[in-house]
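Values reported hereafter were calculated over all heavy atoms of this structure, with side chains retained and with hydrogens, waters and symmetry mates removed. Position 1 is the first residue of the sequence; numbering continues from there.
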Amino acid sequence: MTVPTFASVPPLAARARSVGGSPVRDILAVTARPEVINFAGGLPAPELFDAEGIADAFRAVLEEVPERALQYSTTEGEPVLRTALAERMSARGLATGADDVLVTTGSQQALSLLATTLIEPGDTVLVESPCYLAALQAFGFAGARVVAVPGDDEGPDPVALEELVVRERPKLLYTVPTFQNPTGRTMSVDRRAAVASVAARCGLWIVEDDPYGELRFEGERVPWIASHEEVRDRVVLLGSFSKVMAPGLRLGWLRAPGALRRACAVAKQAADLHTPTANQLAAARYLADRDLDAHVRRVAGVYGERRDAMLAGLADALPEGSTWTRPEGGMFLWARLPSSYDTTALLPQVVTRDVAYVPGTPFYAGEPDRSTLRLCFVTQTPQEIGEGLRRLGEGLRGGA
């Protein structure tokens, strides 16, 4: 009897072979034990979800318009939700109509759609240094050449940005200007104006990602880059309910100029047809029946207390000579240890103390600073934060 032979299947696409998974997700999988105090995640505090209000919104939608809530929807998003989102942006100083908005399945999908519609393999994309990790993944998966813009505590340096735009001819700059992930820093009014000026003069898309901007617990709100008149035709503003309502709803949106927004809608048709109808209608009902702004203020108040608890304990936990940011909102702060420390190499040793952080290395598009790390301060109570920092200090001792 002849034994049949089989040829191997064709290989994965090159982009799938070349882009790795998320180191943060990998760390969370390793540190999922309940006894671990986890400063590594970027998860909002679940005990602060308005579960009752969201449940009421779903009940109302499923009782009153079940035939609509359970049906296919338009790719652009439910009109009632797009209208509500436009009104929220307009109330914050950015005149927006419902037709300016595309609802996405989380703001991460918005990044993926923009990568699909704007980037050809080999195109250059500029990012902050350090940068939101999942943005690096999205642009890398699209085949982009990702270049970091030198910066400081306020974000990208406008002079360096202009030099890179002239030299590299990039398609876009990606930025999280308010309570940035991973550093927690916020770009000043003047810096935003300077970045907008470069984009206007040199020809550059700006992708302004704002998942954390409403979570402010001190200081004054800074207007969006998108509100600068000179870049109205070249800024894409991304938003999300993940940090202010609930991440499980997977509801985000992008506000973009017409031609780009329409291209993103076509790309979304190929990706998922539309974002879940019931979730969109429930979110719109929540906005109509509840005071989301009041809920966010309560959440931000708790997060501010937790940030203060982390700031109070860092000096004792981190080695002498360390520095760290003091965010005015958001979920993260960024620490830099003395240069003799490698936070990636130290992590396994620290995890044995039942505490975890994210090493800074994966957040860099260019040469990483191996002495850096990201800490999330919102998921634990002040008491748990104090204990976690005690364990972190023990784990770091002798690690130089």
Side-chain angles (χ1 to χ4, degrees), residues 89 93-96 100 102 107 110-132 135-178 180-181 183 185-210 213 222-239 254-264 267 363-367:
M89 284 183 269
L94 182 60
T96 302
D100 297 324
L102 172 69
S107 62
L111 274 177
S112 179
L113 297 177
L114 290 166
T116 298
T117 54
L118 287 176
I119 298 170
E120 303 281 3
D123 281 347
T124 298
V125 168
L126 301 182
V127 299
E128 299 168 307
S129 183
C131 176
Y132 171 48
L136 296 178
Q137 285 183 295
F139 298 137
F141 209 78
R145 176 174 171 264
V146 183
V147 176
V149 182
D152 53 25
D153 290 342
E154 290 191 29
D157 176 359
V159 174
L161 172 63
E162 183 162 358
E163 291 173 352
L164 282 171
V165 172
V166 171
R167 184 171 75 242
E168 305 289 347
R169 307 311 305 172
K171 281 287 184 70
L172 64 88
L173 167 69
Y174 172 78
T175 177
V176 184
T178 306
Q180 192 231 21
N181 181 358
T183 64
R185 70 191 177 197
T186 294
M187 201 183 295
S188 70
V189 172
D190 290 344
R191 181 64 60 88
R192 293 176 194 226
V195 168
S197 178
V198 172
R201 287 184 287 102
C202 299
L204 180 70
W205 285 102
I206 296 178
V207 177
E208 181 178 10
D209 200 353
D210 188 36
V222 185
W224 288 304
I225 298 172
S227 65
H228 288 76
E229 186 63 36
E230 61 187 334
V231 289
R232 290 288 179 93
D233 66 339
R234 63 195 63 196
V235 177
V236 186
L237 178 64
L238 310 186
L254 63 82
R255 178 195 183 276
L260 177 56
R261 188 183 64 258
R262 289 188 290 272
C264 287
F363 296 98
Y364 288 91
E367 183 66 27

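- With S188 contributing its side chain and R191 its backbone, the two residues share a donor-acceptor pair below 3.5 Å.
- Looking at M187 and P156, their side chains come closer than 4.5 Å, going by heavy atoms from C-beta outward.
- Between E128 and the options T183, N181, T175, a side-chain hydrogen bond (donor to acceptor under 3.5 Å, both in side chains) holds for only T175.
- With sequence neighbours excluded, the residues forming a salt bridge (Lys or Arg N to Asp or Glu O under 4.0 Å) with E229 are R232, listed by chain and number.
- The one candidate from L136, V149, V146 that meets the side-chain contact (heavy atoms from CB on, under 4.5 Å) condition with C131 is L136.
- Scanning both residues, P150 and L164, for their nearest heavy atoms gives CD-CD1, 4.0 Å.
- A salt bridge does not link E120 with K171: every distance from a Lys NZ or Arg NE/NH1/NH2 to an Asp or Glu carboxylate oxygen is 4.0 Å or more.
- The backbone N or O of L114 sits nowhere less than 3.5 Å from a side-chain atom of T116 that would complete a donor-acceptor pair.
- Closest non-hydrogen pair, V176 versus Y174, comes out as CG2-OH, 3.4 Å.
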(request) Step by step, work out the side-chain contact (heavy atoms from CB on, under 4.5 Å) result for T124 and R145. (result) CA-CA 5 Å; T124 298; R145 176 174 171 264; 3.2 Å; yes
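- Residue L118 holds its CG atom at 9.0 Å from CZ of F139, rounded to the nearest 0.5 Å.
- A 6.0 Å sphere centred on CG of D233 holds more than 12 heavy atoms belonging to other residues, nucleotides or ligands.
- Nearest approach of A199 to R234, heavy atoms of both residues: O-NH1, 2.9 Å.
- Side-chain atoms of L161 and V159, non-hydrogen and from C-beta on, never get closer than 4.5 Å to each other.
- When atom types are taken as modelled, the side chain of E208 and the backbone of I225 share a donor-acceptor pair closer than 3.5 angstrom.
- Counting only N and O atoms by type, the side chains of R192 and T178 include a donor and acceptor under 3.5 Å apart.
- What you find for A226 and L237 is that their closest heavy atoms are CB-CB, 4.4 Å.
- Using a cut-off of 4.0 Å between Lys/Arg side-chain N and Asp/Glu carboxylate O, D210 and R255 are scored as not salt-bridged.
- Panel note: side chain T117, backbone L113; a donor-acceptor pair is recorded below 3.5 Å.
- Taking a cutoff of 4.0 Å between a charged side-chain nitrogen and a carboxylate oxygen, R201 and E162 qualify as a salt bridge.
- With contacts defined as side-chain heavy-atom distances shorter than 4.5 Å, the pair V147/P170 does not qualify.
- Pairing each heavy atom of A115 with each of A138, the nearest pair is CB-O, 4.0 Å.
- For the atom pair OG of S112 and CZ of F141, the computed distance is 8.5 Å after rounding to the nearest 0.5 Å.
- For the atom pair C202 SG and R169 CZ, the distance stands at 7.0 Å (nearest 0.5 Å).
- Taking 4.5 Å as the limit, every side-chain heavy atom of D157 sits out of range of all side-chain heavy atoms of D152.
- Residues I206 and L172 are not in side-chain contact: their nearest non-hydrogen atoms beyond the backbone lie 4.5 Å or more apart.
- Of all heavy-atom pairs between V189 and P223, the closest is CG2-CD, 4.4 Å.
- D209 and Y132 form no side-chain donor-acceptor contact under 3.5 Å, judged by distance and modelled atom types alone.
- R261 pairs by the side-chain contact (heavy atoms from CB on, under 4.5 Å) definition with D100, L102, L254, A256, not counting sequence neighbours.
- With contacts defined as side-chain heavy-atom distances shorter than 4.5 Å, the pair L260/V236 qualifies.
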